[in-house]
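Inspection log for the structure reproduced underneath, given as structure tokens.
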Amino acid sequence: MTDGKDAPRATENRSTTPLSDTFRHYISSGWAERPASTTSERPVAARAAERRARLSALYPGVRLVLPAGPAKQRSNDTDYPYRAHSAFAHLTGWGADTVPGSVLVLEPASDGHTATLYFREGAGRDSDEFYANPEIGEFWTGPRPSLTEVAHDLGLATAGLDSVDAVFTGLEADGSVETLIVREADRALTDRLDGARLLAASAEATVDVDTVRDDELARDLSEMRLVKDAFEIAEMRRAVAATQHGFDDVIADLPQIVAHARGERLVEGTFNRRARADGNTVGYDTIAASGPHACILHWTRNDGPVVPGDLILIDAGVELESYYTADITRTLPVSGTFTEVQRRVYEAVREAADAAFAIVKPGIRFREVHAAAMQVIAAKTAEWGLLPVSAEESLAPDAGYHRRYMVHGTSHHLGLDVHDCGQARREFYADGLVEAGMVFTIEPGLYFQPDDLTVPEEYRGIGVRIEDNILVTGDGAENLSAGIPRTADEVEEWMRGR
Ligand code: GLY
Ligand code: MN
Ligand code: MN
């Protein structure tokens with residue numbers, strides 16, 4: 001029911017799984033007893049319970065369905081690496097070891113909600129799943145945890161995935177309890193709920209499902225994550241530390257990187273090796289953008305050479321097993337030393353980043369961070385004679401000449417998603433007040449396209465971004481990634497020390 005597959009998986013023509021009764025009988029016996037589980041509640045469990053209580057208070061009497069989502073098909077019978085939906089992760093505390101297709105349901109009760117985590121538990125040796133099902137069988141993808149183990153780990157009531165059917169069957173029979181779902185997490189479940197809604201509404205001849213209330217749920221789930229709790233802040237520190245190691249690894253590997261025709265791929269490989277070794281994976285596709293590729297904001301093809309004399313912009317973040325991710329950019333001179341013009345651009349970006357960081361404290365508006373960086377970007381580009389108007393004129397709301405060289409924003413929230421809290425309302429995000437416990441990026445840049453006739457030739461093909469991860473404290477801010485060299489001098493020193 002939750003498989004959500006959109007293309008067939010053709011494997012029958014090469015299946016060699018033995019199916020004789022003799023074999024079935026033989027393989028079902030001769031297995032040792034499994035020791036009883038000794039897991040204990042994970043530290044995240046209490047935090048996840050608090051988060052569920054906050055959500056419960058927002059939706060009295062409403063049934064809430066929060067799917068982890070199915071595995072996503074890549075091609076034929078191969079899937080993308082599994083990633084549970086972030087709202088599910090936030091409210092269960094389950095991360096990289098989530099069983100695909102799991103569903104958290106908050107059922108309204110007299111004193112709030114009762115939470116139940118439904119998932120497909122491991123099949124016993126009395127079924128043939130364990131050896132004959134390549135998608136989920138233990139011999140193929142490893143053992144799945146028992147309901148009891150997960151209940152202990154996460155401090156949550158658990159039930160087999162089959163019994164989530166009862167929730168949906170009940171819906172079809174009785175629409176009296178409003179039921180909302182995270183629509184994007186599991187298409188098959190969402191379709192099923194929409195079907196039940198249409199049946200309930202047929203008397204009024206409704207043809208479209210009204211998703212307004214689901215969208216409100218998505219919004220609230222996003223807004224709940226704007227301020228991080230102590231567990232989340234500790235995870236962000238760990239993600240940044242692992243990311244720092246990944247950057248160190250890249251610098252250590254630079255000789256091989258420069259020697260390879262597709263050095264950018266080696267940068268990606270080196271960083272991603274660290275992400276897999278110390279975390280779950282990368283929080284987004286690594287950008288390894290050497291020379292003019294740095295002017296392509298989301299350059300992830302990473303198939304170019306890394307050439308001494310050029311800069312290389314590396315935007316990468318380790319995502320931990322808990323799914324919290326860093327998002328850090330450093331721009332390095334491949335030879336170890338900036339040229340005069342590279343340094344000029346680099347230090348301008350660094351000044352913009354410092355100016356933005358300097359104003360961060362509780363009570364400012366989030367968008368002021370961007371404005372502070374733009375003051376510097378406009379001033380520098382004007383000083384270099386790149387703008388047709390003064391910096392002040394360029395900064396006017398209806399102008400923005402300097403934005404030609406930095407078309408992206410300066411900051412976004414960061415956490416379980418690299419662009420965290422994406423469905424939060426503008427009044428709580430861009431126009432919102434900064435609060436202690438928020439974590440966001442500061443990432444100004446300057447990108448001079450190789451064919452930009454508005455800039456002198458010496459600037460063309462230079463792209464610089466510096467991206468840090470900022471924690472708002474009670475009276476100011478902490479740059480969580482300050483330990484990764486930032487100034488031009490520090491960067492050169494870092495590279496000399498490799
Ligand atoms: N790495 C994507 C971003 O910086 O927003
Ligand atoms: Mn970012
Ligand atoms: Mn980034």
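When a residue number appears, it is its place in the shown sequence, counting from 1. What's counted below: heavy atoms across the whole structure, side chains too, no hydrogens, waters or symmetry copies. In listed order, ligands and their atoms are each counted from 1.
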Exercise for the section: Please state which part of H298 comes within less than 4.0 Å of ligand 1, counting heavy atoms only: side chain, backbone, both or neither. Expected result: neither
Exercise for the section: With heavy atoms only and a cut-off of under 4.0 Å, state how T441 meets ligand 1: side chain, backbone, both or neither. Expected result: neither
Exercise for the section: Report yes if the distance between the aromatic ring centroids of H408 and Y447 is under 6.0 Å, otherwise no. Expected result: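 Yes, close enough.
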Handout entry: Check: F366 ring centroid to H413 ring centroid under 6.0 Å
Key =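 Yes - the distance between ring centres of F366 and H413 falls below the 6.0 Å cut-off.
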Can a donor-acceptor pair be found, under 3.5 Å and without considering hydrogens, that links the side chain of [X] to the backbone of [Y]?
{"X": "E268", "Y": "A288", "value": "no"}
{"X": "Q342", "Y": "T339", "value": "yes"}
{"X": "N469", "Y": "D327", "value": "yes"}

Exercise for the section: Decide whether the shortest distance between a heavy atom of H408 and an atom of ligand 1 is less than 4.0 Å. Expected result: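 No, that is not the case, since the closest heavy atom of the residue is not under 4.0 Å from the ligand.
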Exercise for the section: Flag D315 as yes when one of its N or O atoms lies below 3.5 Å from any N or O atom of ligand 1, and as no otherwise. Expected result: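 D315 vs ligand 1: N/O contact under 3.5 Å present.
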Exercise for the section: Measure from the Mn ion (ligand 2) to each N, O or S atom of H419 and report whether any distance is below 2.8 Å. Expected result: no
Problem - the Mn ion (ligand 2) contact by E443, N, O or S atom under 2.8 Å - result: yes
For [atom], what is the nearest protein heavy atom, given as residue, atom name and distance?
{"atom": "atom 3 (C) of ligand 1", "result": "D327 OD2, 3.3 Å"}
{"atom": "atom 5 (O) of ligand 1", "result": "H419 NE2, 2.7 Å"}
{"atom": "atom 4 (O) of ligand 1", "result": "E443 OE1, 3.0 Å"}

Practice task
Quick one: the OD2 of D327, the Mn ion (ligand 2), OE2 of E467 angle, rounded to 10°, please.
Solution key: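 Nearest ten degrees: 80°.
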Handout entry: More than 12 heavy atoms from other groups under 6.0 Å of CZ on R276
Key = no
Practice task
Kindly check if the number of other-residue, nucleotide or ligand heavy atoms within 6.0 Å of CD (E457) is above 12?
Solution key: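 For E457, atom CD is not crowded (no more than 12 foreign heavy atoms under 6.0 Å).
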Practice task
List every atom of ligand 1 that sits less than 4.0 Å from any heavy atom of H412, numbering the atoms from 1 in the order shown and giving each element.
Solution key: 3 (C), 4 (O), 5 (O)
